[in-house]
Visitor: 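What follows is a single structure, and I will ask about it in a moment.
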Amino acid sequence: MDFLKNVGVYATYNELFGNKYSKDKLVNLISGLPLGGVLMILSQFNSLPMNDSKLRSQFFDFLKENGVDIRPIEKRMVLYSKQGLLVVWKWLLSYGDPEKIKEDILIDSGTNMLLYINLIVSDYSYNEELTKETLKYDIFRNALFNTNNDVVSSLVRASVMYDEIAKQKTFFESREYIDINELFIEKYGYSIKEYLAVIFSLFSAYLKNKSVISPEWNRHHDFFSGVRNPEIANNIIGELSMSLSEASEWARTTLDKPWDFTKFRQKPILKFDDGKFCTISLTLLFEQVFSELYFKIRQIHSNQSTQIISFFGRIFEKYIEIIAENATSISRLPYEFIPEFSYGAKRSKKSPDVLIKLGNKLLAVEAKVYRVKMDSFIGNTHATIDSDINRMAISPIIQLHNRLKELKDIKHPIMDEIEEIHLMSVTLGNLPTIPPFEKVIESKLSENFEIPIKGHYHLDVEEFEMMCELLSRKNSSPIFKYLDNHSKMKTSFKNYMFQSHLHPRRLKYIDEKFEKQTNEMIRVLFDNDVLEP
């Protein structure tokens, strides 16, 4: 299984101790814990590095001190993961004693106990027989779940797409335009900008404690008392919150579905009876800024669901166009940027969303407002993952190929002197690059290519932003050189950037927008007239 060379191995209780911990003993262990203390610590785990060396060393010392013998553990074995910690949440919520919600625990003791429980429940997280075929799907889900997104880029992207671009009627045909900002206010009672400001301010407050586990992690219900309109802020937090009893009931009903975290995604905040609250996971909280906001906007008018999805597609295409044009304009190399245009009889056909030319080389980009479906996470079959791979990587590339072939056949000047063609699908969500699936993609595309294609790629939107930044650097080589190298490494573009020591950076455009948007969010929250516009 050569595709495992860059994959860590997840440790389980059985692997370390030689036997599976019984469920009855586990339930008794959990019910005896000081629930409030361990939940407070668990809330912070996902904000720490996934294989933190200090926690790892501390845990093994704890086992030795208690006379527990374990089997030798490889360095590549990880003691916990994002998925594993969310499974621990479900077990603690299912069997923890609510009468002990006010009880505390020493941080070191609580940390070690949570790592111990995480190892135990890991043996209950996989029900199907492990084969090479099923393993690749598990790796796909894990890679998807453990993708880390840049906080600043996500915030800027959400604000630019849903606030700035969506308000520019001139970007759209009159029949396709929807005023999503007005409809959003009508449905929820607050604006998209207010929503982003509230989520980001809470997230930022939690980040102050990110490097260490703090006993002062939980927030009080009056956290937003100092803002201009605390009622709106509290309403937003309320919509994203669930009570301990609600969370416990859901956890029990889905305990046998280790990939089902739908409730945690919808309501990533846990509220307690004393008015305090904590996050289930900082990552899931911040998903509300971009990923989950997409669904929140989709729900503003159910009768216009199809039209809204189409409108989202146009917004996304425009965003990709804007950042590509910005990057090519500041590059020292003479790139030619070409936005979408009409061609053919009655100009009824559309070119790729973005074309970037340099000499005799051409990069064609197709933007698709697609994400991996939830069933690919929690479904019992593998068909949904196969379907996602087709619609996010295969179909868009075939579409690009067919458009360029048509342009070539009609001798459109855009194809003059082009000798090398690269095709790129850019999607709203991440599609993991897993070698066995990449072989399927390669095979399917090869069957459909009729004109020579030098390279084809599938990037998510953050990776495309990284590529544009790389393209725009003063001392950058032509982007086609990097794309060639990326193809040879058989990994995601983000991993390629790190492994090649290209040091991913944010686009200057995104940094400038972030500074502006931060000031705007402060004004939204506090009505601060001192700040410059």
Side-chain angles (χ1 to χ4, degrees), residues 8-46 48 50-52 55-101 103 105-130 134-135 138 141-142 145 247-248 250-261 264 280-281:
V9 179
Y10 194 33
T12 69
Y13 185 90
N14 187 34
E15 288 173 332
L16 266 62
F17 298 96
N19 62 287
K20 189 173 181 178
Y21 202 91
S22 78
K23 183 176 178 179
D24 288 341
K25 286 177 61 180
L26 174 58
V27 170
N28 288 334
L29 174 64
I30 291 174
S31 63
L33 293 174
L35 187 61
V38 292
L39 290 184
M40 183 272 296
I41 295 172
L42 181 57
S43 173
Q44 300 177 64
F45 253 86
N46 272 331
L48 297 173
M50 279 298 103
N51 203 21
D52 185 84
L55 288 179
R56 185 185 183 93
S57 176
Q58 174 185 298
F59 178 63
F60 289 132
D61 288 343
F62 161 76
L63 294 178
K64 290 177 182 177
E65 289 169 4
N66 286 274
V68 179
D69 293 324
I70 63 171
R71 295 176 175 179
I73 180 170
E74 300 179 26
K75 288 185 178 180
R76 70 189 299 223
M77 274 193 167
V78 295
L79 294 181
Y80 59 100
S81 68
K82 291 181 181 180
Q83 181 220 4
L85 294 177
L86 291 179
V87 172
V88 172
W89 266 106
K90 292 172 76 169
W91 280 85
L92 291 177
L93 290 170
S94 295
Y95 297 112
D97 186 350
E99 296 298 319
K100 298 179 179 178
I101 196 63
E103 294 184 14
I105 189 172
L106 293 174
I107 288 177
D108 286 351
S109 300
T111 299
N112 292 327
M113 182 55 67
L114 286 171
L115 288 174
Y116 188 65
I117 292 174
N118 185 82
L119 291 174
I120 295 171
V121 303
S122 297
D123 283 320
Y124 292 90
S125 295
Y126 294 91
N127 300 320
E128 61 181 4
E129 183 180 352
L130 187 64
T134 60
L135 178 60
D138 281 334
R141 292 189 180 100
N142 271 285
F145 199 85
S248 298
W250 172 81
R252 282 191 293 271
T253 61
T254 62
L255 196 57
D256 62 343
K257 299 175 182 177
W259 283 103
D260 186 353
F261 305 122
F264 291 159
I280 300 294
S281 156

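Keep in mind it's a predicted model, so treat the numbers as computed, not measured.
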Visitor: Could you grab the distance from atom CG of L35 to atom CD1 of I30, nearest 0.5 Å is fine?
Guide: 9.5 Å

Visitor: Within a strict 4.5 Å, meaning less than it, do heavy atoms of the F62 and L115 side chains meet?
Guide: no

Visitor: Contact between R141 and W259 at the side-chain level, heavy atoms closer than 4.5 Å - yes or no?
Guide: yes

Visitor: Quick one: pull up CG in L114 and OH in Y80 and give me the separation to the nearest 0.5 Å.
Guide: 11.0 Å

Visitor: Quick one: closest heavy-atom pair of K100 and L33, and the distance?
Guide: CD-O, 3.4 Å

Visitor: Checking T254 against K90: is there a side-chain donor and acceptor pair closer than 3.5 Å?
Guide: yes

Visitor: So does M40 get a backbone contact from the side chain of S43, meaning a donor-acceptor N/O pair under 3.5 Å?
Guide: no

Visitor: Please determine if K23 forms a cation-pi arrangement with Y21, meaning its NZ or CZ atom is less than 6.0 Å from the six-membered ring centre and no more than 45° off the ring axis.
Guide: no

Visitor: Which residues satisfy the side chain to side chain contact (heavy atoms under 4.5 Å, CB included) test with K64, sequence neighbours excluded?
Guide: none

Visitor: For N14, is there any backbone N or O sitting under 3.5 Å from a side-chain donor or acceptor partner on N19?
Guide: no

Visitor: Identify the two heavy atoms, one from S281 and one from L86, that lie closest to each other, and give their separation to 0.1 Å.
Guide: CB-CD2, 4.4 Å

Visitor: Any side-chain hydrogen bond (donor to acceptor under 3.5 Å, both in side chains) involving residues 107-120? Give me the pairs, sequence neighbours left out, ordered by first then second residue.
Guide: Y10-N118, Q58-N112

Visitor: Measure the acute angle between the ring planes of Y124 and W91, then classify it against the limits of 30° and 60° as parallel, tilted or perpendicular.
Guide: tilted

Visitor: Do the side chains of D123 and T12 get nearer than 4.5 Å, heavy atoms only?
Guide: yes

Visitor: Listed by chain and number, what are the ring pair (Phe, Tyr, Trp, His ring centres under 6.0 Å) partners of W250, not counting sequence neighbours?
Guide: F264

Visitor: For D97 and S31, which heavy atoms make the closest approach, and how far apart are they?
Guide: CB-O, 3.6 Å

Visitor: Rounded to the nearest 0.5 Å, what separates atom CD in E15 from atom CG in L119?
Guide: 9.5 Å

Visitor: Using 0.5 Å steps for rounding, measure from the CD1 atom of I41 to the CE atom of M113.
Guide: 10.5 Å

Visitor: Which pair of heavy atoms, one from L93 and one from A251, lies closest together, and at what distance?
Guide: CB-CB, 3.9 Å

Visitor: Could you give the distance from CD1 (I117) to CG (L29), rounded to the nearest 0.5 Å?
Guide: 5.0 Å

Visitor: Nearest heavy-atom pair of I280 and W89: which atoms, and what distance?
Guide: O-NE1, 3.0 Å

